[in-house]
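Here's the structure we're looking at; comments come further down.
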Amino acid sequence: QVQLVESGGGSVQAGGSLRLSCATSPPGDIINSYCLGWFRQPPGKEREGVAVIVRDGNTNFADSLKGRFTISKDIAKNSVYLEMNNLQPEDTAMYYCAAGFGSWAGYRQCVLREADFYHWGQGTQVTVSS
């Protein structure tokens, strides 16, 4: 059974850091998806892309988050991580882990587009206070 289980969310003050984890299963399956990503949904807003990591290790981030967030994966642990630094109140959201095939634009690519991701976790809440 495919599962993505997020953890590591919580409440922090502005300027703080959190590291989110996403445990994937079955072992050796989802972790080798072409695209693994993190999305978030702020209160009262639509879900938006945060970061993706491609099977070869390349990464891509939402422009507004570059420099503060880092995405990584550990194949041996079947886990994907999101390191978030200098958190601000506007980062308050439910954070979701997802896996996908990617899309074709003359070449295979991973972009921050929900429709390209077919497996999702239940989310972990991040709350940042000022």
| Selection residues 88-104 - residue pairs positive for side-chain hydrogen bond (donor to acceptor under 3.5 Å, both in side chains), sequence neighbours left out |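 Of all non-adjacent pairs touching residues 88-104, those that pass side-chain hydrogen bond (donor to acceptor under 3.5 Å, both in side chains) are Arg40-Asp91, Arg40-Tyr95, Arg68-Asp91, Asn86-Gln88, Ser103-Gln109, Ser103-Arg113, Ser103-Asp116.
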| message | I need the full list of side-chain hydrogen bond (donor to acceptor under 3.5 Å, both in side chains) pairs touching residues 3-22, with sequence neighbours left out, sorted by first then second residue. | response |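 Matches after skipping sequence neighbours: Ser17-Asn85.
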| request: Mark yes when over 12 heavy atoms from residues, nucleotides or ligands other than Gln122 sit less than 6.0 Å from its CD; otherwise mark no. | output: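 Not buried by this count: 12 neighbours or fewer within 6.0 Å.
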| field | More than 12 heavy atoms of other groups within 6.0 Å of Tyr118 OH | value |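 Yes - once you tally the heavy atoms of other residues, nucleotides and ligands closer than 6.0 Å, there are more than 12.
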Would you please name every residue forming a side-chain contact (heavy atoms from CB on, under 4.5 Å) with [X], sequence neighbours left out?
X: Asp29; result: Pro26
X: Ala99; result: Leu4, Ile30, Ser33, Leu36, His119
X: Leu112; result: Val52, Ala62
X: Val54; result: Tyr34, Asp56, Asn58, Cys110

| said: Are Val5 and Phe117 linked, directly or through intermediate hydrophobic residues, by side-chain heavy-atom contacts shorter than 4.5 Å (ILVMFWY only)? | reply: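 Not linked; separate clusters.
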| request: Give a yes or no on whether Phe39 and Ile53 share a hydrophobic cluster (residues Ile, Leu, Val, Met, Phe, Trp, Tyr; joining criterion: side-chain heavy atoms under 4.5 Å apart). | output: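 No: no chain of side-chain contacts under 4.5 Å links Phe39 to Ile53.
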| Pairs satisfying salt bridge (charged side-chain N to carboxylate O under 4.0 Å, His left out), at least one member in residues 93-105, at least two apart |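 Matches after skipping sequence neighbours: none remain.
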| Selection residues 7-16 - residue pairs positive for salt bridge (charged side-chain N to carboxylate O under 4.0 Å, His left out), sequence neighbours left out |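 Every pair satisfying salt bridge (charged side-chain N to carboxylate O under 4.0 Å, His left out) with a residue in residues 7-16: there are none.
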| query | Do Met84 and Trp38 pass the side-chain contact (heavy atoms from CB on, under 4.5 Å) test, and can you show the C-alpha distance, the side-chain angles, and the key distance before you say yes or no? | reply | CA-CA 12 Å; Met84 306 184 294; Trp38 287 94; over 6 Å; no
| field | Set of residues satisfying side-chain hydrogen bond (donor to acceptor under 3.5 Å, both in side chains) with respect to Arg108, sequence neighbours excluded | value |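 Once residues adjacent in sequence are excluded, Arg108 has no partner under the side-chain hydrogen bond (donor to acceptor under 3.5 Å, both in side chains) criterion.
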| Got a sec, which hydrophobics cluster with Tyr107, joining ILVMFWY side chains under 4.5 Å apart, including via others? |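 Direct or chained contacts put Tyr107 with none.
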| said: Taking disulfide (SG to SG under 2.5 Å) as the cut-off, I'd like each qualifying pair that reaches into residues 66-103, sequence neighbours left out, listed once. | reply: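 As it turns out, the disulfide (SG to SG under 2.5 Å) pairs with a partner in residues 66-103, which skip direct neighbours, are Cys22-Cys97.
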| In Å and rounded to the nearest 0.5 Å, what is the CZ to CG distance from Phe61 to Leu82? |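 One finds 8.0 Å between CZ of Phe61 and CG of Leu82.
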| request: Under the side-chain contact (heavy atoms from CB on, under 4.5 Å) rule, what do Leu87 and Phe69 come out as? Steps first, then yes or no, please. | output: CA-CA 9 Å; Leu87 284 162; Phe69 287 18; 4.1 Å; yes
| Test salt bridge (charged side-chain N to carboxylate O under 4.0 Å, His left out) applied to Lys66 - qualifying residues, sequence neighbours left out |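 Testing Lys66 for salt bridge (charged side-chain N to carboxylate O under 4.0 Å, His left out), a comparison that skips the adjacent residues, returns Asp63.
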